[in-house]
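Below: one structure, written as structure tokens.
Only heavy atoms go into these numbers, but all of them, side chains included; no hydrogens, no water, no symmetry mates.
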Amino acid sequence: MKVKCLDGKELEVQQNESGLDLAKKISISLAKKCVAYKLNGHIYDLNRPICEEGDFVLILEGDKESYDVLNHSTSHLMAQAIQHLYPNAKFGFGPSIDEGFYYDVDFEEPITDADLSKIEKEMQKISSQALPIVREEVSKEEALSIFKDNPYKVELINGIEGTISLYRQGDFVDLCAGPHLEKTSQIKHFKLLSLAGAYWRGNSSNKQLTRIYGTSFFSAKELQDHLTILEERKKRDHRKIGKELGLFMMSDYGPGLPFWLPKGYTLRRTLEDYWLEYHKKNGYVVIESPIMLSKQLWETSGHWDHYKEDMYITMVDDNEFAIKPMNCPGAILVYKNSLHSYKDLPLRIAELGHVHRHEASGALNGLFRVRTFTQDDAHTLLAPEQIEEEIARIIKIYDHMYSLFGLDYSIELSTRPEDNYIGDIKTWDIAEAALAKACKDTGHSFKINPGDGAFYGPKLDFKLKDSMNRIWQCGTVQLDMQLPGRFDCTYVDKNGNKACPVMIHRACFGSLERFIAIITENFAGAFPTWLAPVQVNILPVSPTAHIEFSTQLKERLESLKVRVELDNREEKLGYRLRESSVNKIPYTLVIGDKEVENNQVTYRVIGSSQQITVSVDEFIDLLMKEIDTKALRK
């Protein structure tokens, strides 16, 4: 039996040889860095025998997959420590996640953050014992016997068909598919981070378990660097900054329903105005559709069957109506309001649509997860032969819009769900191929995300990376070859025949609320000048001697539509300068005798202690250039 390595070299595999055996054949030093191996796209424990021919890849410390293996193994280490300290605890799920792991545990008595250090200490003790982590395969009957006292594992086992795998380390055994590290001593650099409540299997009708979050790395430096980033993220929490800068508020009278305060509304409206202007320049018509529409519309669209549980429903004149969770049916009705020929296509319909979704109360999180939000939607109806060109055009729009905020991104192609989808498989295959080709034609690589498409079509998901190395799901491009047909949408083609258009759903920011939360944390509240709620703050040194010049300067800036404040309080200049900095105002101007005499300003840029004196005209020129070009501050 042979396997092929990444470099094309073929390796002979003897019976019962493992991934580790092959790694040693290649290089002893390489084998020491191995964590697992991948065969034909599947990841296996390093010491598992190779059972088939195919493409062989060693997973080394530092590879992305290696952290999944490490963190999953650390979740088991934590569970073993908990079992020692709390013998009656019962375990649910314990997966690896982005940047760490968690385990859901049913404790007899609640634990607190203070207990985490005790669990960590026991984990370190188990790690030092270098216990082998051993995979076993058992029948369903054996598994049920082993976990008979754990109702969560019993429920999971009853849902598994075929052979069941377990992992043992010392006196601990867990139901798990793996893969894992070879021994506990490979798990050295970890930290338990926080506690949260989590309903079993995400169902609020089930018991709430204690979810313990942690993270694990291959070196002490990696762990410390990550903990430093986590501390910085706390400082940048958009909920904290939003309160400090007066951007938004929440009320117990409306959970998940944000209130925009004056400065936050200014920021939001500036973002909306830019979005509208840019889309009009790029061939979009802008509409506004009703916030509530009848049940019959949602039945036709398919949302009633696929999304009813997340919709707010009410009665109007003895008929059921739903507050819209999506904007697409409204765009469809606008399209059907007129007759169309192939010459009208692509028809690009844009809308800043206000939608509502019934999110679980436990999932609400500042502006990241709310129950009402504004989608920056656009729905393009077009002929099938226009798909690739239009998607390429959309990707270029996203390139431009994300670059304004200094955000890099990657693309995932989400394909047809396993079930609960509409349309035939052949149509889905055509749509998925069109999205893939558009990415390649614009020079963008992408990752396949199998089964995560919308119920009506595949999609491209745009994952943004912020200044804290976090990944956010924002933009989408969804190809829909189903909905126009369900609404009997037509156009007259080149041959004079009626044809059904294809629809592209797309949102660049995704939701304005969530995007504002992301950029608030990305910029730590120090927004680019064009977006900042207050762009200039004028500080007269003397509230009396310099007020006239300062007032005239304020009026001149306001005439240029600059958002400016004048801080004329009876406070020391140093205090007012510090407060201007705390409020993240891009430019703070100091006006004293010299400035009044010479028609000058002395300005300080946010984040710098340097003071620069220039003429009023020079300052206005540099300010307006920065605003007009929407430049990022260096």
Side-chain angles (χ1 to χ4, degrees), residues 241-249 259-274 516 519-520 523-634:
I241 292 174
K243 185 175 182 180
E244 291 169 351
L245 300 186
L247 301 180
F248 70 95
M249 59 169 271
F259 289 69
W260 291 97
L261 302 177
K263 289 182 179 178
Y265 177 78
T266 298
L267 184 151
R268 175 195 169 106
R269 189 54 187 260
T270 302
L271 193 62
E272 290 178 345
D273 289 345
Y274 157 70
I516 288 172
I519 61 175
T520 298
F523 295 120
F527 299 102
T529 303
W530 72 274
L531 195 56
V534 179
Q535 296 165 320
V536 177
N537 192 17
I538 302 173
L539 308 183
V541 176
S542 166
T544 53
H546 309 128
I547 187 61
E548 183 179 352
F549 182 90
S550 298
T551 301
Q552 290 172 353
L553 177 59
K554 179 175 183 285
E555 290 171 352
R556 183 175 173 186
L557 290 171
E558 286 176 333
S559 72
L560 296 170
K561 302 191 184 307
V562 174
R563 297 185 288 274
V564 56
E565 290 184 347
L566 196 162
D567 186 351
N568 194 35
R569 292 174 299 163
E570 294 280 355
E571 299 283 359
K572 291 182 179 180
L573 179 62
Y575 176 84
R576 287 181 286 154
L577 278 168
R578 284 191 298 275
E579 194 160 271
S580 190
S581 178
V582 167
N583 289 327
K584 314 286 187 182
I585 299 173
Y587 286 95
T588 302
L589 311 186
V590 176
I591 306 299
D593 291 339
K594 181 182 68 174
E595 286 77 20
V596 171
E597 184 179 343
N598 298 314
N599 195 34
Q600 293 177 325
V601 297
T602 296
Y603 71 86
R604 180 184 291 185
V605 181
I606 181 68
S608 172
S609 59
Q610 183 181 12
Q611 297 194 109
I612 302 170
T613 301
V614 296
S615 70
V616 170
D617 288 341
E618 285 178 294
F619 172 74
I620 289 175
D621 285 344
L622 74 89
L623 175 67
M624 298 312 296
K625 182 179 179 181
E626 186 173 327
I627 292 172
D628 292 343
T629 60
K630 297 181 172 56
L632 284 170
R633 194 174 301 111
K634 294 182 180 179

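- Tyr587 places none of its side-chain heavy atoms less than 4.5 Å from the side chain of Val564.
- Between the CD atom of Glu558 and the CG atom of Leu553 there is a distance of 10.0 Å, given to the nearest 0.5 Å.
- For the pair Val562 and Met624, the minimum side-chain heavy-atom distance is below 4.5 Å.
- By the 4.5 Å heavy-atom criterion applied to side chains, Arg569 and Tyr575 are counted as neighbours.
- Under a 4.0 Å N-O distance rule, the pair Asp273/Arg269 qualifies as a salt bridge.
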Inset, instruction - Decide side-chain contact (heavy atoms from CB on, under 4.5 Å) for Leu245 and Lys263; before the verdict, give the C-alpha distance in whole Å, the side-chain angles of both, and the deciding distance to 0.1 Å. - result: CA-CA 8 Å; Leu245 300 186; Lys263 289 182 179 178; 5.9 Å; no

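- In this structure, the side chain of Glu597 does not engage the main chain of Lys594 through any donor-acceptor pair within 3.5 Å.
- Considering every non-hydrogen atom in both Val601 and Phe619, the closest pair reads CG2-CB, 3.6 Å.
- The minimum heavy-atom distance between Lys554 and Leu566, with the atom names listed, is CD-CB, 3.7 Å.
- Put simply, CD on Glu626 and CG on Leu622 are 7.5 Å apart, with the number rounded to the nearest 0.5 Å.
- In this structure, Ile585 CD1 and Thr529 OG1 are separated by 11.5 Å, a value rounded to the nearest 0.5 Å.
- What you find for Trp530 and Arg563 is that their closest heavy atoms are O-NH2, 2.9 Å.
- Looking at Pro540 and Phe549, their side chains never come closer than 4.5 Å, going by heavy atoms from C-beta outward.
- Taking each heavy atom of Ile241 and Ala524 in turn, the nearest pair found is CD1-C, 3.6 Å.
- Minimum heavy-atom separation, Trp260 to Leu247: CE3-O, 3.7 Å.
- How far CG of Asn568 is from CD1 of Ile547: 3.5 Å, rounded to the nearest 0.5 Å.
- Scored by the side-chain contact (heavy atoms from CB on, under 4.5 Å) test, Leu573 finds Leu539, Val541, Arg576, Leu577, Val590 as partners (sequence neighbours excluded).
- Exactly one residue among Thr613, Leu623, Ile538, Leu589 makes a side chain to side chain contact (heavy atoms under 4.5 Å, CB included) with Tyr603. That residue is Leu589.
- Remark: side-chain polar atoms of Glu618 are paired, donor with acceptor, to backbone N or O of Ser615 under 3.5 angstrom.
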Inset, instruction - Give the intermediate values and the outcome of side-chain contact (heavy atoms from CB on, under 4.5 Å) for residues Tyr274 and Lys630. - result: CA-CA 10 Å; Tyr274 157 70; Lys630 297 181 172 56; 3.5 Å; yes

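- Rounded to the nearest 0.5 Å, atoms CE (Met249) and CG (Leu261) are 6.5 Å apart.
- For the side-chain contact (heavy atoms from CB on, under 4.5 Å) test, residues two or more places apart in sequence or in another chain that qualify with Ser608 are Gln610.
- Atom OH of Tyr265 and atom OG1 of Thr270 lie 9.5 Å apart (nearest 0.5 Å).
- Heavy-atom contacts from other residues, nucleotides or ligands closer than 6.0 Å to NZ of Lys243 number 12 or fewer.
- The 12-atom threshold is not exceeded at CD of Glu548, counting heavy atoms of other residues, nucleotides or ligands nearer than 6.0 Å.
- For the side chain to side chain contact (heavy atoms under 4.5 Å, CB included) with Ser580, the lone residue among Val534, Ile606, Thr588 that qualifies is Thr588.
- Residues Ser559 and Arg556 approach most closely at OG-O, 2.5 Å, considering heavy atoms.
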